[in-house]
Amino acid sequence: MLTVGGLISYRALFNWIHPAIYIPSVLGFPMFQILFFAYLGRFSGLRDDAFFVTGNAVQAAGMAGIYASVFTIGNDRFYGTLGPLLASPASRAALFTGRALPIVANGLLVSAFGFVVGWAFLDFDPPLASLPPLALIVLVSAFATTAFGMLLGSIGLRTKDILLISNLAYFLMWLFCGVNVPLETLPGWMQLVGEGLPVTHAVEAAREVVDGARIGSVWKLVVAEAGIGAGYLIAAFGLFRVFEREARRHATLETT
Amino acid sequence: MRVLRVVLACWWLNLKNLSRSAFFLLTAVLAPVLLSTIAFYMFQAGGRPGTLLYAALGSAVYGIWSSTLFGSGGAIQWQRWGGTLGLLVASPAPFVFAVAGFTLATATLGVYSLVATLAWGTLLFDVPLHLAHPALFAVAIPVTVLSLGLLGLVFASSFVLYRNANALSNMLEYAVLLVTGMLVPLSLLPGWVAPIAWVLAPTWGIRAIRDAALGGDPVFAIAMALALAGVYLILGAVLIANLERLARQRGTLSLA
């Protein structure tokens with residue numbers, strides 16, 4: 001249920017295995033996102049390329065995590081497979097986790113591609129020793145954003161505007177999570193919101209590691225990111241169960 | 001006169017249709033407002049507060065571009081799904097002018113972006129809205145909408161042949177935002193980007209609007225935008241005639 005179900009869901013619902021969809025959507029978009037913000041950063045005189053490459057490459061894992069999670073749940077509803085799925089006795093935890101695992105792995109790949117884009121086309125050359133801790137940070141961030149996406153996907157059980165929700169969440173992360181604007185330059189309330197979102201702590205940790213810090217000196221940030229992810233995962237699972245129960249009780253699974 | 005009536009009727013129909021879509025409206029307003037907010041913070045933090053109107057105008061044209069890209073890419077496909085494509089092709093009015101009306105409507109929706117972005121910047125960031133050439137500004141906006149709308153005609157007639165056009169649209173959004181100088185001056189980009197920018201309407205649209213607003217000579221940019229609009233119309237007509245011929249020969253008009 002966890003592995004086979006998750007993989008089938010990933011392939012069937014996203015078609016992302018098809019290069020004509022995967023390359024432009026999952027790799028092309030973040031590539032131009034990184035290039036755009038790095039050049040905008042040069043023009044604004046705010047920070048160097050490494051600041052923008054690191055922020056956007058870590059957040060690119062979030063793109064995969066949010067959209068993939070939202071559509072994993074939303075498309076089940078759209079294509080009419082959600083009813084039979086929920087009618088089955090399958091463990092909801094296994095279903096949920098199984099769908100999340102390929103998305104986390106995909107996030108890691110997308111983020112790695114983003115760093116390669118920065119290295120190949122921009123002024124970004126991190127020390128080799130920073131790569132293993134960077135991979136760990138991105139992995140934790142991919143988990144946290146996938147969990148956040150699952151929460152948004154659960155809301156998709158009650159609304160049809162999932163594309164709008166995911167677009168909004170993704171673009172707001174650019175602003176609130178310190179991806180392109182240093183968190184300390186934002187108003188206090190925006191910093192507070194950013195502290196509660198995934199990506200924020202991972203971006204900060206990744207920037208320190210790229211600057212030469214050891215993983216031991218950023219472990220608090222990594223743990224905070226993992227904790228936020230765990231919180232969103234629990235909330236997502238809880239919300240999913242609540243909406244499932246409500247949908248059964250009121251027979252509204254495919255009507256709202 | 002008959003041609004103009006067809007274009008206007010289709011433009012008005014699609015504009016009303018799109019204005020009923022929460023997704024299109026919010027995307028047309030929220031995405032450019034968010035981008036302008038990020039740019040405002042970046043320019044402020046980077047010590048370039050004088051460029052705020054520059055950023056607001058660039059974000060507004062991005063909104064027109066984004067609406068055109070996502071709206072026009074699917075213009076023919078939506079008629080196909082709605083079952084009205086056959087009726088449009090069978091009617092005595094040239095099909096290309098019906099599609100031009102649809103795609104011009106998607107660009108017109110971008111005017112919401114312009115209003116929202118300038119209002120947002122003025123109210124929250126004290127962006128000064130002093131126009132150097134108000135009359136030419138008033139000319140530059142409809143010319144930009146026209147040129148982008150007819151670029152949308154080219155998209156509509158070519159994307160319909162590509163099953164995964166949505167994925168391509170995702171990638172093109174930020175690629176064109178970068179290479180047309182909407183927010184990043186072309187002088188900062190590698191030299192080989194310039195010829196690509198010259199054949200894209202947003203390059204001249206933003207230059208016309210910016211020169212009219214900030215001071216400069218927008219007439220050449222307006223003329224270039226109009227010239228490109230003419231080229232797009234001819235190209236779109238050729239592509240649509242080809243599409244129509246193939247669909248009639250193969251009986252595939254209603255088939256995706």
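Chain letters run A, B, ... following the sequence lines, proteins first, then strands; residues in each count from 1. Every value quoted in this text rests on a predicted model; they were computed, and no experiment measured them. Because only heavy atoms are used, hydrogens play no part in the values below, and waters and symmetry mates are left out as well, while side chains stay in.
- Put simply, of A:Phe43, A:Phe37, A:Phe29, the one with the most heavy-atom pairs under 4.5 Å next to chain B is A:Phe43.
- The part of B:Leu30 that comes within reach of chain A is its side chain, from C-beta onward, which places non-hydrogen atoms under 4.5 angstrom from that chain.
- Taking 4.5 Å as the limit, every side-chain heavy atom of B:Tyr174 sits out of range of all side-chain heavy atoms of A:Met31.
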Practice task
Please lay out, stage by stage, how A:Thr145 and A:Gln59 fare under the test side-chain contact (heavy atoms from CB on, under 4.5 Å).
Solution key: CA-CA 9 Å; A:Thr145 46; A:Gln59 199 236 0; over 6 Å; no
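- Cation-pi geometry between A:Arg207 and A:Phe51 is satisfied (NZ or CZ under 6.0 Å from the ring centre, within 45° of the ring normal).
- With a 4.5 angstrom heavy-atom cutoff, A:Asn180 touches chain B via backbone and side-chain atoms both.
- When each of A:Leu175, A:Asn167, A:Leu186 is scored by its heavy-atom pairs under 4.5 Å with chain B, the top score falls to A:Leu175.
- Looking at B:Leu35, the atoms closer than 4.5 Å to chain A (heavy atoms on both sides) all sit in the side chain, from C-beta outward.
- Residue A:Leu27 does not touch chain B at all, counting heavy-atom pairs closer than 4.5 Å.
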Practice task
Apply ring-ring contact (aromatic ring centres under 6.0 Å, His included) to B:Phe70 and B:Phe24, showing your working.
Solution key: CA-CA 9 Å; B:Phe70 291 108; B:Phe24 266 101; 8.1 Å; no
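- Although no hydrogens or angles enter the test, the distance criterion places a donor-acceptor pair under 3.5 Å between the side chain of B:Thr103 and the main chain of B:Gly149.
- Both the backbone and the side chain of B:Leu183 have a heavy atom closer than 4.5 Å to some heavy atom of chain A.
- When the candidates A:Leu40, A:Leu172, A:Leu168 are compared by the number of heavy-atom contacts under 4.5 Å with chain B, A:Leu40 comes out ahead.
- Between the side chain of B:Thr203 and the backbone N or O of B:Leu200, at least one donor-acceptor pair lies under 3.5 Å.
- A:Thr185 contributes a side-chain N or O that, together with a main-chain N or O of A:Pro182, makes up a donor-acceptor pair within less than 3.5 Å.
- Neither the backbone nor the side chain of A:Tyr170 comes within less than 4.5 Å of any heavy atom of chain B.
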